[in-house]
Amino acid sequence: ASELPKRLSKYFFQRERYFSLYSEGCLLDEEGWYSVTPERIADHIAERCRCDTILDAFCGVGGNAIAFAKTCERVIALDNSPTRLALARHNATIYGVQDRIDFILCDYLDFARAYAKLPSTRRNIEVVFLSPPWGGPQYLLSSSTNGKPSSHAAEDESSESSTPNYSLTSILPIPGDQLFQLTKNLTGNIAYYLPRNMDLKEVSKLAREGEKIEVEEEWMGDKLKAVTCYFGGLAAGQEDWF
């Protein structure tokens, strides 16, 4: 802990929430500390996404990919950072699930465009999990009016009343609605992991006519951490779409 920058100390104190086997040697880079999904939440999402082949489009240091390897036959884990991909592989080895995960160093946008061109006989991805960059720890300052940080919003996570709605336009590497449309070319079964202050009116516009979206709040104790939006056959009442 003494080697970590002070700005990461609050994340370090929650290290076993992120990886229950942290003491066995799990590793994270700076971005991983504030972007990894807490293990209990990741396990729950993985149960919801149970299938043969799932794509983790932005795997980071592997929190979700490890969880998916417990419920899915095959996990395709992508990241454009060789460091984070190496950390994810290392962490998966600690959990003993590395043999069920294909770690691929590539940009998701390039992967998705290339995959969409494949003949249907070669396309076997059933579910895509989207957990794209939200813009760093300052995502709570992202206003839905212009996608830019709001100068008057409080930085304290406890100040929910002053937190503006988060906009899909703030998603990286491209606006969240465009990212979703690109992903629909792969499969309609999408789990979209988004900030807790997400503007859900924007999310509702992603559904096609007659489609339901299931929005699930992800809590850790008394703190709301994020929301997961389930589309296609992942949404309750639409299991036959799968």
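All values derive from a computational prediction rather than experimental measurement. Just so it is clear, the values below take in all heavy atoms, side chains as well, and ignore hydrogens, waters and symmetry mates.
Lys70 has a carboxylate O that lies under 4.0 Å from a charged side-chain N of Asp43, or vice versa, which qualifies the two as a salt bridge. A salt bridge between Arg48 and Glu216 is present, with a side-chain N of the basic residue lying under 4.0 Å from a carboxylate O of the acidic one. A salt bridge links Arg74 to Asp102: at least one charged side-chain nitrogen sits closer than 4.0 Å to a carboxylate oxygen. Ionic pairing of Glu217 and Lys225 is not present here: no N-O contact between side-chain nitrogen and carboxylate oxygen is shorter than 4.0 angstrom.
The backbone N or O of Lys212 lies less than 3.5 Å from a partner atom in the side chain of Gln238, making a donor-acceptor pair. Without hydrogens or angle criteria, Asn189 side chain to Glu126 main chain gives a donor-acceptor distance under 3.5 Å. No donor-acceptor distance shorter than 3.5 angstrom exists from the side chain of Asp56 to the backbone of Val75, with no hydrogens or angles considered. Remark: the backbone N or O of Gly237 is paired with a side-chain donor or acceptor of Glu239 at under 3.5 angstrom. Of the possible donor and acceptor atoms, none in the side chain of Arg89 sits under 3.5 Å from a partner among the backbone N and O of Ala86. Here the side chain of Ser20 pairs no donor or acceptor atom with the backbone of Glu16 at under 3.5 angstrom. Side chain of Glu211 to main chain of Arg208: a donor-acceptor pair is present (N/O by atom type, distance under 3.5 Å, no hydrogens or angles). Although no hydrogens or angles enter the test, the distance criterion places no donor-acceptor pair under 3.5 Å between the side chain of His90 and the main chain of Leu85. The backbone N or O of Pro5 sits nowhere less than 3.5 Å from a side-chain atom of Ser9 that would complete a donor-acceptor pair. The closest donor-acceptor contact from the side chain of Arg84 to the backbone of Asp29 lies at 3.5 Å or more, if one exists at all.
Under a hydrophobic-cluster definition in which Ile, Leu, Val, Met, Phe, Trp and Tyr are linked whenever side-chain heavy atoms come within less than 4.5 Å, directly or via other members, Tyr34 and Leu4 are assigned to the same cluster. In this structure, Leu130 is not a member of the same hydrophobic cluster as Leu172, with clusters built from ILVMFWY side-chain heavy atoms closer than 4.5 Å. A continuous path of Ile, Leu, Val, Met, Phe, Trp and Tyr side chains, each step under 4.5 Å between heavy atoms, connects Leu194 with Ile174, placing both in one hydrophobic cluster. By the rule that hydrophobic residues join a cluster once side-chain heavy atoms approach within less than 4.5 Å of another member, Trp241 and Val215 end up as members of separate clusters.
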- Check the pair Ile76, Ile54 against side-chain contact (heavy atoms from CB on, under 4.5 Å), reporting the backbone distance first and the verdict last. CA-CA 6 Å; Ile76 302 172; Ile54 186 168; over 6 Å; no
- For Phe231 and Phe180, run ring-ring contact (aromatic ring centres under 6.0 Å, His included): C-alpha distance rounded to whole Å, both residues' side-chain angles, the deciding distance at 0.1 Å, then the answer. CA-CA 10 Å; Phe231 296 82; Phe180 181 83; 4.5 Å; yes
- Please lay out, stage by stage, how Asn91 and Val61 fare under the test side-chain contact (heavy atoms from CB on, under 4.5 Å). CA-CA 7 Å; Asn91 294 334; Val61 296; 4.1 Å; yes
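Taking 4.5 Å as the limit, some side-chain heavy atom of Val36 sits within range of a side-chain heavy atom of Leu28. Contact check for Cys49 versus Thr71: no side-chain heavy atoms found under the 4.5 Å cut-off. With a 4.5 Å cut-off on side-chain heavy atoms, Leu182 and Arg113 count as touching. Glu218 has its side chain within reach of Ile45: a pair of non-hydrogen atoms, C-beta onward, lies under 4.5 Å apart. A 4.5 Å side-chain heavy-atom check between Arg40 and Met220 finds at least one atom pair inside the cut-off. In this structure, Asp79 and Leu105 have side chains that are not in contact, with every pair of non-hydrogen atoms separated by 4.5 Å or more. Looking at heavy atoms from C-beta onward, Leu234 lies in side-chain contact with Val127 at the 4.5 angstrom threshold. The shortest side-chain heavy-atom distance between Leu55 and Leu78 falls under the 4.5 Å cut-off.
Between Trp134 and Tyr193, the gap from one ring centroid to the other is short of 6.0 Å. Taking the ring centroids of Tyr192 and Tyr230, they lie at or beyond the 6.0 Å cut-off.
The aromatic rings of Tyr18 and Trp33 lie perpendicular to each other, with more than 60° between the two planes, well past the 30° mark.
Defined by atom type and a distance below 3.5 Å, a donor-acceptor pair is present between the side-chain atoms of Tyr95 and Glu39. Of the N and O atoms on the side chains of Ser167 and Glu202, at least one donor lies less than 3.5 Å from an acceptor on the other residue. Side chains of Glu73 and Thr53: no donor on one and acceptor on the other come within 3.5 Å. A side-chain N or O of Thr183 and one of Tyr108 form a donor-acceptor pair less than 3.5 Å apart. For the residue pair Asn64/Thr37, the side-chain donor-acceptor check at 3.5 Å is satisfied.
Nearest heavy atom pair, residue Gly60 against residue Ala88, reads O-CB, 3.5 Å. Across Tyr166 and Pro133, no two heavy atoms sit closer than the pair OH-O, 4.4 Å.
Arg15 contributes atom CZ, which lies 12.0 Å from atom SG of Cys26 (distance to the nearest 0.5 angstrom).
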